[in-house]
Amino acid sequence: MIRWLVIPGIQIAVLLGVALLFILYLQLIERKILAFMQVRLAPRRVGWHGILQPIADTIKLMIKEDTVPARADRFLFTLAPIVTVAPALLALAVIPVAGEPIHVWGYAITPWVADLNIALIFLLAISSLGIYGIILGGWSSNSKYSLLGALRSSAQMISYEVPLGFALIGVMMLAGSASMVQIVEAQKAAGWWFVFPQVIGFFCYFVSAVAETNRIPFDLPEAESELVAGFHTEYSGMKFALFFMAEYTNMVIVSCIVTLAFFGGWLRPFPNVAAFDWLENGWLFLAPLVIGGFAGWLLDRRFGSGLRLMFSGGVLGALVGLGLGAGDVGGLASMRVPQLSGAFWFATKVMFFIFMYIWFRGTYPRYRYDQLMNLGWKWLIPLSIANVLATGLVMLLRGGGGA
Amino acid sequence: MFRTEEMEINMGPQHPSTHGVLRLVLQLDGEEIRAMRPVIGYLHRGVEKLCEHRTFPMIEPLTDRLDYVAAISENLGYCGAVERLMGVQVPPRAQYIRVVLAELQRLASHLLWLGTHALDLGAMTVFFYTFREREIILDLFESFCGARLTYNSMRIGGLYEDVPRGWFDRVRHFLKIFPGRMQEYEDLLTVNRIFVGRTKGVGLLSAADAVAWGVSGPPLRASGVNYDVRKAIPYSSYEEFEFDVPLGANGDTYDRYLVRMEEMRQSCRILRQALDRMPDGEVRAKVPKYIKPPAGEVYHVVESPRGEQGFYIVATGGEMPYRMRFRAPSFVNTQALPLMCRGRLMADVVAIIGSIDIVLGDCDR
C-alpha cells in the first residue's frame, strides 16, 4: 500500500510543488536577469525587490475575466490550454534530480517519479503532444492572427522535432539505454560528460530545443511585432496563464534534458577524479560564494559602487567556503550526502541553461519564417544525422559499447 | 480538388509595430504578401487648416505636433520659412544654436528609430540602450526650453533665449560618451547574423523608384541618390560645416540601417564643429512685435530626420497665413511601402515599416 500509493503520491506532490513554484518564480528570475542586461529595474513594488510579484501576477490572472471570442469553438478553445500544459507537466515525471534514493523508515524514496527504460523517447513523444494545444488554440480562436501563429508554430515544431530526436540518438547509443538514470550512470562509468563526445549532438539538440519551446530567436509563433501575440492572441486570464506556464515548463524540461543527457545530470564535474572529491560538497564552497556575491551586489546597488563589492563579496565567500572545507568544520567537508550534492549540481546546471535561454532573449533578434525552415532542414537535420553516423562509426571501430 | 484563398489581414491601426496608427490591409497568400494597401488619416487633426486661423507666432506650437519625434526640425523649418518671407537675417549665434538643436534632435529621432526597429525584429535590448542615450538628449532639451517632446523652442528671427550656462559642456560630455554607446548597438546588430539576414535584400527600393515616388531622407540616400537638403539647399549656415552624406548601394533595409547609423556619426561631427566655432552675440534678430509678413509665397525645405520637410506659406500681408501646406516626408515615404513589400513575407513588413521610419503625426497632419 505504502509502496504503491503513498510514496509515489509524496514524490508527485513534491515534484509538482517544487516545479510549479520554480516555474512561477522563473518569470521573476527572467525579468530580473533581463532587467540587469537592459540597464533597468525589474519589478520591485510587490514585496522586497518584487519577490511577491509572481504571486500578484497569478492572482491577477486568476481573477481576470475569462473571455471567449464570439464564434470561437468554445469546447476546443477551453481544451487547448489544458492540452498544452498537461504533457509539459507529465514530462517532469521522468526527470531524476539526484542519483541516490532517500531512505525513510526502511522505504526508499527515489528522487524521480518514474525511471522508464524509454524515458528519452517518452519525453520526445510527450513534448510533441503540446503542439496539438497550440494548433487547437490558434484555430478555435477564430482569429487570423491566431491562425497564422498556430500554423507557424506547428510547422516549426514539427520541423525541429526531427533534429531533436536525432541529436539524442547519439547519447542513447553511447549509453546503451534510453533511461535517464542509466544515461547518467553511463556518463559516470565513461568518466566524462557526454557533451564531449557528442558536442555536435549537444549543439543540434540545444538549438532545436530553443526552437521547440518557441523562444527567441525562434519565437515566431508569438512574434508580437507581426502577429500581435500569435496563437494566444485571444486568450486571457487563467487560460492564457496555462499557455504561459507550459512555455516555462518546457524551458525547464529542456534544460533538464540537456543537463541529464549531455552534462552528467547530478554528477559533479570530473566524476571519477579523486582529486576533485571536494566538489562532491560543491555547495559548501559555492553557497558562500553566491551568498557573498549576492550580498555584495545588493550593497553595490545601495551605495552605487559599480560591481566592486559584488566581486569582493564573492571572493570573501569563496575563501570562507574553502576554509570550511579545509578546516573540516563540524565535519561538513567530509560529510557525504549524495542526494543533496546531486540535487545541488543538477540545479546548478539546469539554472545555467535557463540563464542561456534568458541570455538569448536579451541578445538576439527573431528569425524569419523561411530562414527558420532553412536552418532546420538544411543545417540541423543533416548535421544531426551525420552525428549519429559518426558516433556509430567510432563505436564500431572501437569495438562497440560505451564511449 | 483543393481550393486556396488569399487571406486579407488587417494590420493596425492598433498594432504593436505599425508605429502609431498606420493601418495596413494585407493580401496574404500563406505568409507571402500579394498586395498591400496603407490606410492613413487616423491622426488627422487638420493642422494646415488650423494654421489659417492662427497668427504666425501661434503656428509654431502646432508644428511641434506634426513630427512629434523631431519637433525641433519642424520648428526650424517653419521659422525659416517665415524668416525668408520677411527677409529677416538670423544672427549667427542663433543659427549655430539651431544647428546644435537640430542635430541633437536628429540623434534623438534616430535613436528612437533604432530602438523600435530592433524591437520589431525581436531584439529587445537595443531599445533600452538607445532610450538611455535619448534620455540624455531629452534632458538637454528640457534644460534648454523646459519641454521634452514638443519644444516650441524657436522664435521667428532666432531663439527665445540663449542656452543656459554650462549647457554646451553637457553637450560636449554627451558627445564624449556617445561613440562608445553607439559601438554597443553595433555590437548587437551590425554583424549579428540574424539581424543581417532579416534586413539584407529586404524591401528593395531602386534609385529610380525612390526618385519617382518622391522618397527623401535616409531611404533615398540608402538607394544611392546623393540628395541631402543640408548640402543641396543649405539653411541655417549648414554650408559652413564639414560632413559627409552617407550613401547606400542596394537600397535595402540593411542599407537604410547603415545610412542612419553613419548619419548619427556625422551629426556628432557637425555638433563638435558647431560647439568649437560657436559665435557670440545676439540670439534674436530685430523683428516687429506683430509679425505681418509681406504678401507673397514661400517654400522652404529642411532636412528633418525623416527626409525633406517642406513648408509652403501663402501670405496676404496680414497676421495670419492665407494658406499653409506641409510637405511631410513620412507621407511621401509611406507611398513607397507597397512597392517595397510586394512579394515579401509578412515578417518583412515590420522590418520595412521600421526602416522607412515614419511618424504618423507627420503623415496625417
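Predicted model, so just to flag it, every value in this text is computed and none were measured.
Residue contact with chain B, scored on non-hydrogen atoms closer than 4.5 Å, involves the side chain of A:Arg40 exclusively. Only the side chain of B:Val202 comes within contact range of chain A, judged by heavy atoms closer than 4.5 Å. Looking at A:Leu34, only its side chain comes within 4.5 Å of chain B, counting heavy atoms on both sides.
Under the ring-ring contact (aromatic ring centres under 6.0 Å, His included) test applied with A:Phe353, the options A:Trp359, A:Phe206, A:Phe360 reduce to a single match, A:Phe206.
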Stepwise ring-ring contact (aromatic ring centres under 6.0 Å, His included) test for A:Tyr235 and A:Phe77 = CA-CA 9 Å; A:Tyr235 279 90; A:Phe77 191 78; 4.1 Å; yes

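Taking the ring centroids of B:Tyr257 and B:Phe195, they lie under the 6.0 Å cut-off.
The most heavy-atom pairs under 4.5 Å with chain A, out of B:Leu28, B:Leu188, B:Asn192, come from B:Asn192.
Residues B:Arg170 and B:Asp139 are not paired through a salt bridge, judged by the lack of any N-O separation under 4.0 Å between the basic side chain and the carboxylate.
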